[in-house]
Amino acid sequence: MFNLGEKGAKINLLGRVLYEEPLSKHTTFAVGGPAEVMVFPATVQDLHAVWEFCQQHDVPLFVLGKGANLLASDQGLRGITVNLTTLNSWRFEGNLFRAQAGLSIDTAVELCRDRGVSALEAFYGMPSSVGGAFWMNARCYGREASEVFVRALVLDAEKGLHEVSFPASAWSYKVSPFQNLPGIIVEVTIQTVPQDREALQTIMNTNYNDRLQKGHYRLPCAGSIFKNDRRFHDPSGVIIDRCGLKGLRRGHAVVSDWHGNIIVNEGGASASDLRALIKDVQQKVYDQTGFLLEEEVLYVGEWVP
Ligand SMILES: Cc1cc2nc3c(=O)[nH]c(=O)nc-3n(C[C@H](O)[C@H](O)[C@H](O)COP(=O)(O)OP(=O)(O)OC[C@H]3O[C@@H](n4cnc5c(N)ncnc54)[C@H](O)[C@@H]3O)c2cc1C
């Protein structure tokens with residue numbers, strides 16, 4: 001433990017700082033205990049100051065986007081949680097779109113549509129920050145975030161603030177090179193190509209309506225819980241359904257009736273309920289099929305075994 005209050009007073013920030021802020025307010029599962037300190041950087045300088053403070057004082061730092069792929073523990077998170085949603089400026093430079101990591105994907109897509117350029121429209125309706133989408137190498141409707149990645153501005157311990165780019169081979173299904181870097185994605189430069197605004201809007205509407213119809217927004221969730229695995233031939237949701245696990249529950253955590261790979265918080269679920277249910281599904285699928293499904297959702301914080 002460290003006395004963050006005393007040390008924290010030494011950081012001069014423009015952005016907001018909240019103490020014991022419930023993570024349930026910042027995750028799409030709507031669960032999670034308190035973040036000991038949550039910082040909303042107003043500028044890149046703020047982010048740099050927080051990051052430097054954590055390095056110098058050996059304070060754990062967690063980077064939060066939209067919290068759409070996370071299961072945050074009921075115990076919460078020690079140290080500093082940097083909520084990047086306030087770092088959300090952007091600009092076009094010719095055919096490049098430079099977006100700060102906290103910009104929402106929906107806003108990014110709308111900005112590109114207004115300019116008449118294609119980039120991330122397949123991702124419309126996916127709750128995500130720009131940083132989170134590239135960190136996860138998000139995938140929707142046959143498109144991967146990596147396809148439009150040009151370079152990123154990253155903050156890390158070795159080089160401070162600097163630009164990175166990667167060969168195509170560094171990316172694969174739900175794997176990004178950022179997952180092996182300790183740094184924070186500050187800004188992403190995205191490739192765009194001219195496209196008719198109406199055509200873009202049609203793709204956005206189609207994908208958004210498909211998500212609506214698939215029940216993505218019915219109850220708090222984190223999208224797909226398990227990755228798909230080609231070796232298992234069918235998508236994880238189909239396998240879970242075939243194992244008869246739709247409707248399986250732990251407290252108020254339930255495998256949704258409408259999609260085997262979506263687990264929902266029907267109201268009042270704890271993070272422990274959700275985690276136990278995920279582990280239950282994993283075990284039952286393994287027992288019935290021999291397939292070990294790999295979680296896509298990320299567990300953060302401390303967990304009581
Ligand atoms: C209804 C619903 C539908 C979904 N549909 C899809 C889908 O179709 N396809 C898909 O791939 N996913 C989907 N997801 C999952 C989720 O939307 C994506 O994984 C999304 O990209 C996560 O982004 P985020 O900003 O919420 O990241 P978070 O969940 O906040 O963070 C995820 C990870 O990224 C790290 N991270 C985030 N930002 C940064 C940064 N700037 N620098 C360094 N690390 C960072 C975090 O530390 C964490 O480890 C869905 C989720 C929901 C709730």
Side-chain angles (χ1 to χ4, degrees), residues 23 26-32 35 38 41 44 47 50-51 60-72 77 79-88 99-108 120 122-147 152-156 161 164 171 173-188 207-208 210-228 235-237 256 258-259 261-265 274 295-301:
L23 284 159
H26 303 275
T27 58
T28 55
F29 252 141
V31 296
M38 187 176 285
V44 175
L47 180 63
V50 172
W51 170 79
L61 181 148
F62 181 74
V63 183
L64 180 68
K66 292 273 183 189
N69 201 57
L70 302 179
L71 181 51
L77 267 176
I80 296 185
T81 298
V82 181
N83 188 319
L84 275 189
T85 54
T86 42
L87 275 192
N88 55 17
Q100 280 191 327
L103 187 71
S104 86
I105 284 290
D106 280 356
T107 305
L120 290 165
F123 296 81
Y124 195 63
M126 180 182 79
S128 183
S129 62
V130 164
F134 286 93
W135 195 93
M136 294 296 305
N137 192 17
R139 181 185 168 86
C140 302
Y141 303 103
R143 301 289 307 274
E144 286 192 357
S146 59
E147 292 168 23
L153 191 61
V154 166
L155 186 58
D156 75 21
L161 200 58
V164 292
W171 306 79
Y173 171 69
K174 300 281 162 111
V175 172
S176 84
F178 296 113
Q179 293 163 10
N180 291 319
L181 294 177
I184 303 175
I185 305 168
V186 178
E187 182 191 272
V188 181
N207 293 357
Y208 181 77
D210 185 58
R211 286 179 183 279
L212 258 185
Q213 182 260 322
K214 286 183 176 153
H216 281 204
Y217 313 121
R218 262 181 239 174
L219 285 169
C221 72
S224 297
I225 290 296
F226 298 102
K227 295 180 184 178
N228 290 321
S236 297
S256 77
W258 53 90
H259 197 302
N261 203 10
I262 294 184
I263 286 182
V264 295
N265 171 4
L274 286 158
E295 287 107 322
E296 178 170 332
V297 70
L298 302 168
Y299 302 111
V300 298

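Every number for a ligand or one of its atoms is a count from 1 in the order of the listing. Keep in mind that this is a model prediction, so the values were computed, not measured.
Applying the side chain to side chain donor-acceptor pair (under 3.5 Å) criterion to Asp210, with sequence neighbours excluded, gives Tyr141, Lys214.
Applying the salt bridge (Lys or Arg N to Asp or Glu O under 4.0 Å) test to every pair with at least one member in residues 218-228, sequence neighbours left out, gives these pairs: Lys227-Glu294.
Of all atoms in ligand 1, numbered sequentially from 1 with element shown, those under 4.0 Å from a heavy atom of Gly223 are 2 (C), 3 (C), 4 (C), 50 (C), 51 (C), 52 (C), 53 (C). Which parts of ligand 1 touch Lys174 is read off a 4.0 Å heavy-atom cut-off, strictly below it: atoms 10 (C), 11 (O). Taking a cut-off of under 4.0 Å to the non-hydrogen atoms of Ala133, the atoms of ligand 1 that pass are 21 (O). Annotation for ligand 1: atoms under 4.0 Å from non-hydrogen atoms of Gly131 are 38 (N), 41 (N). Less than 4.0 angstrom separates some heavy atom of Cys140 from each of these atoms of ligand 1: 7 (C), 8 (O), 9 (N).
Geometrically, ligand 1 and Tyr217 share no nitrogen or oxygen pair separated by less than 3.5 Å. Taking any N or O of Ala222, backbone or side chain, none lies under 3.5 Å from an N or O belonging to ligand 1.
Within the 4.0 Å heavy-atom criterion, neither part of Ser224 lies near ligand 1. Proximity of His216 to ligand 1, defined as any heavy-atom pair under 4.0 Å, is shared by backbone and side chain alike. Using a 4.0 Å cut-off between heavy atoms, Leu84 contacts ligand 1 through its side chain alone, with no backbone atom that close. With a 4.0 Å cut-off on non-hydrogen atoms, Phe62 touches ligand 1 through its side chain and not its backbone.
Minimum heavy-atom separation, Ser146 to Asn137: N-OD1, 3.0 Å.
Side-chain contact between Pro41 and Thr86 is present, with heavy atoms from C-beta onward closer than 4.5 Å.
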